[in-house]
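Here the structure comes first, spelled out in structure tokens, and everything after it is commentary.
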Amino acid sequence: PSDTGRVLSIQSHTVQGYVGNKSAVFPLQLLGYDVDPINSVQFSNHTGYPTFKGQVLNGQQLCDLIEGLEANDLLFYTHVLTGYIGSVSFLDTILEVINKLRAVNPKLTYVCDPVMGDEGKLYVPEELVHVYREKVVPLASMLTPNQFEAEKLTGLRINSEEDGREACAILHAAGPSKVVITSITIGGILLLIGSHQKEKGLKPEQFKILIHKIPAYFTGTGDLMTALLLGWSNKYPDNLDKVAELAVSTLQQALLRRTLDDYKRAGYDPTSSSLEIRLIQSQEEIRNPNVELKAERY
Ligand code: ATP
Ligand code: PLP
Ligand code: MG
Ligand code: NA
Ligand code: MG
């Protein structure tokens, strides 16, 4: 094993553009991780375009890949990262994979982005919610829902920062010691709320970061955000607030600014369609983010 970590990243792949593994693998590699991607789908482009074509990996095919690794004694991982998962059967197989990897490395960190929907809309089958809630959340070490997903997982309506903090506490009780609500809108203000329960039963340490809302719609940013949170967490295991500052600063200062500027320079209206992030062009800032957005402790 390497000194930084070896990540099994089970996410979407797109031929063109940056979502899923395409937006998570490169930054994790830049931060020094060995990353082993399993592509849960291979699509021509992300699903926000007028059309897409491609293949979906099923649970049995995921099992085959894991069996191949197992047969060669290659199942040692420090981290598993999962994002968008489209079916119950695939999610059930992921649960088996986590249990298998935990048997090999009891210290395995499972970082779960419970991608189910956004802005009041579910974009996975309804029956997935139950599986996430009952079976996946209990296995997760770090969970990175957005506001809508945190509501789905807790049954709470999140209308205030207090509600957001309570949702985090409920999620801690269900399993993960680290919870980051990656985006939440309260009174027109965009923020991130983080929560670290350092010991079971203890009051979690909680913080927020105010995010300057850029008037454009990006794809791949949720996947990138979770990858950055994983990447920096390993370096600062006891400072989730610092980790979130680094991740948000990378996204805001570097990536989204650059993406917006590049599109504008090319004559596009950035509010008219979802923008592909300028990931490769931002590699210096990914390695060395300039922290300008500060976390505020509650
Ligand atoms: P999920 O992966 O569960 O869908 P999410 O809904 O939080 O998570 P995004 O909406 O992509 O994912 O947000 C992730 C992060 O990207 C936010 O914390 C924020 O830093 C940044 N971000 C995305 N869109 C914008 C925007 N328009 N303006 C400013 N920051 C943004
Ligand atoms: N995976 C695929 C295949 C997608 O098409 C998309 C968005 O269109 C995503 C993941 C999600 O990206 P985001 O990180 O913006 O939530
Ligand atoms: Mg969102
Ligand atoms: Na998220
Ligand atoms: Mg998302």
Side-chain angles (χ1 to χ4, degrees), residues 9-24 27 39-57 81-86 111-124 132 140 142-153 158 164 171 179-185 188-194 208-230 243-257 259-260 263 270-271 273-277 279 289 292-293 295:
S9 179
I10 308 176
Q11 301 201 66
S12 313
H13 170 81
T14 50
V15 176
Q16 205 275 156
Y18 298 94
V19 297
N21 269 335
K22 281 286 291 286
S23 67
N39 298 326
S40 52
V41 306
Q42 170 163 251
F43 289 161
S44 52
N45 45 263
H46 73 64
T47 53
Y49 284 87
T51 182
F52 67 94
K53 299 205 36 110
Q55 299 84 37
V56 177
L57 196 75
L81 170 59
T82 64
Y84 175 83
I85 293 158
V111 177
C112 174
D113 187 0
V115 179
M116 293 186 283
D118 212 341
E119 291 163 13
K121 280 217 323 265
L122 205 61
Y123 41 65
V124 296
Y132 267 112
M142 172 152 79
L143 198 71
T144 62
N146 59 30
Q147 180 171 10
F148 176 69
E149 292 153 355
E151 288 181 341
K152 283 278 167 195
L153 292 175
I158 303 178
L171 292 167
V179 176
V180 178
I181 305 182
T182 47
S183 61
I184 163 165
T185 305
I189 311 264
L190 180 65
L191 46 118
L192 170 152
I193 291 179
K208 67 174 166 182
I209 302 179
L210 296 179
I211 298 173
H212 170 70
K213 176 118 187 138
I214 298 170
Y217 188 75
F218 305 92
T219 44
T221 45
D223 304 324
L224 175 57
M225 183 74 190
T226 299
L228 293 172
L229 289 170
L230 185 164
V243 165
E245 284 174 353
L246 286 158
V248 172
S249 298
T250 304
L251 261 156
Q252 293 276 300
Q253 252 63 43
L255 239 126
L256 300 187
R257 268 286 135 228
T259 301
L260 199 65
Y263 272 91
T271 57
S273 68
S274 79
L275 309 182
E276 294 282 4
I277 51 177
L279 189 64
E292 284 172 17
L293 294 163

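Each ligand, and each atom within it, is numbered from 1 in the order the structure gives.
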Region of Q252 that comes within reach of ligand 1 [heavy atoms, distance under 4.0 Å]: side chain

Looking only at heavy atoms, is any part of L256 under 4.0 Å from ligand 1, and if so is it the side chain, the backbone, or both, or is it neither? side chain

Rounded distance [0.5 Å steps], [atom1] in [X] versus [atom2] in [Y]:
{"X": "L255", "Y": "I277", "atom1": "CG", "atom2": "CD1", "value": "5.5 Å"}
{"X": "I211", "Y": "L192", "atom1": "CD1", "atom2": "CG", "value": "5.0 Å"}
{"X": "T182", "Y": "L229", "atom1": "OG1", "atom2": "CG", "value": "8.0 Å"}

[X], any N or O under 3.5 Å of ligand 2 N or O:
{"X": "T14", "value": "no"}
{"X": "G222", "value": "yes"}
{"X": "G220", "value": "yes"}

In terms of atom number and element, which parts of ligand 1 are under 4.0 angstrom from non-hydrogen atoms of [X]?
{"X": "A216", "result": "27 (N)"}
{"X": "S183", "result": "5 (P), 6 (O), 7 (O), 10 (O)"}
{"X": "E149", "result": "3 (O)"}
{"X": "H212", "result": "28 (N), 29 (C)"}
{"X": "T182", "result": "5 (P), 7 (O), 8 (O), 17 (C), 18 (O)"}

Do the side chain of [X] and the main chain of [Y] share a donor and acceptor less than 3.5 angstrom apart?
{"X": "S40", "Y": "S12", "result": "yes"}
{"X": "Q147", "Y": "T185", "result": "yes"}
{"X": "N146", "Y": "G117", "result": "yes"}
{"X": "Y84", "Y": "V124", "result": "no"}

Ignoring hydrogens, what is the shortest heavy-atom contact between [X] and [Y]? Give both atom names and the distance.
{"X": "V19", "Y": "T14", "result": "CG2-CG2, 3.6 Å"}
{"X": "L57", "Y": "N39", "result": "CD2-O, 3.7 Å"}
{"X": "L260", "Y": "A216", "result": "CD1-CB, 3.8 Å"}

Against ligand 1, does D113 come closer than 4.0 Å with any heavy atom? yes

Given T221, D223, V19, which has its nearest heavy atom closest to atom 16 (O) of ligand 1? T221

In terms of its nearest heavy atom to atom 11 (C) of ligand 2, the top option of N21, L224, D223 is D223

For the 3.5 Å polar cut-off, considering only N or O atoms, please tell me whether I214 and ligand 1 meet it. yes

Look only at interatomic distance and state if V115 has a nitrogen or oxygen under 3.5 Å from any nitrogen or oxygen of ligand 1. no

Establish, yes or no, whether a centroid distance under 6.0 Å links the rings of H46 and F43. no

Is M225 close enough to the Na ion (ligand 4) that one of its N, O or S atoms comes in under 3.0 Å? no

With a cut-off of 3.0 Å, does any N, O or S atom of N146 fall short of it relative to the Na ion (ligand 4)? no

Out of all atoms in ligand 2, which are within 4.0 Å of some heavy atom of H46? Include the element for each. 4 (C), 5 (O), 8 (O)

Ligand 2 atoms in contact with S12 (distance to a heavy atom under 4.0 Å): 1 (N), 2 (C), 3 (C)

Does the side chain to side chain contact (heavy atoms under 4.5 Å, CB included) test come out yes or no for Q11 and D113, once each step is laid out? CA-CA 10 Å; Q11 301 201 66; D113 187 0; over 6 Å; no

Under 4.0 Å, heavy-atom basis, I'd like to know which part of T47 is in contact with ligand 2: side chain, backbone, both or neither. both

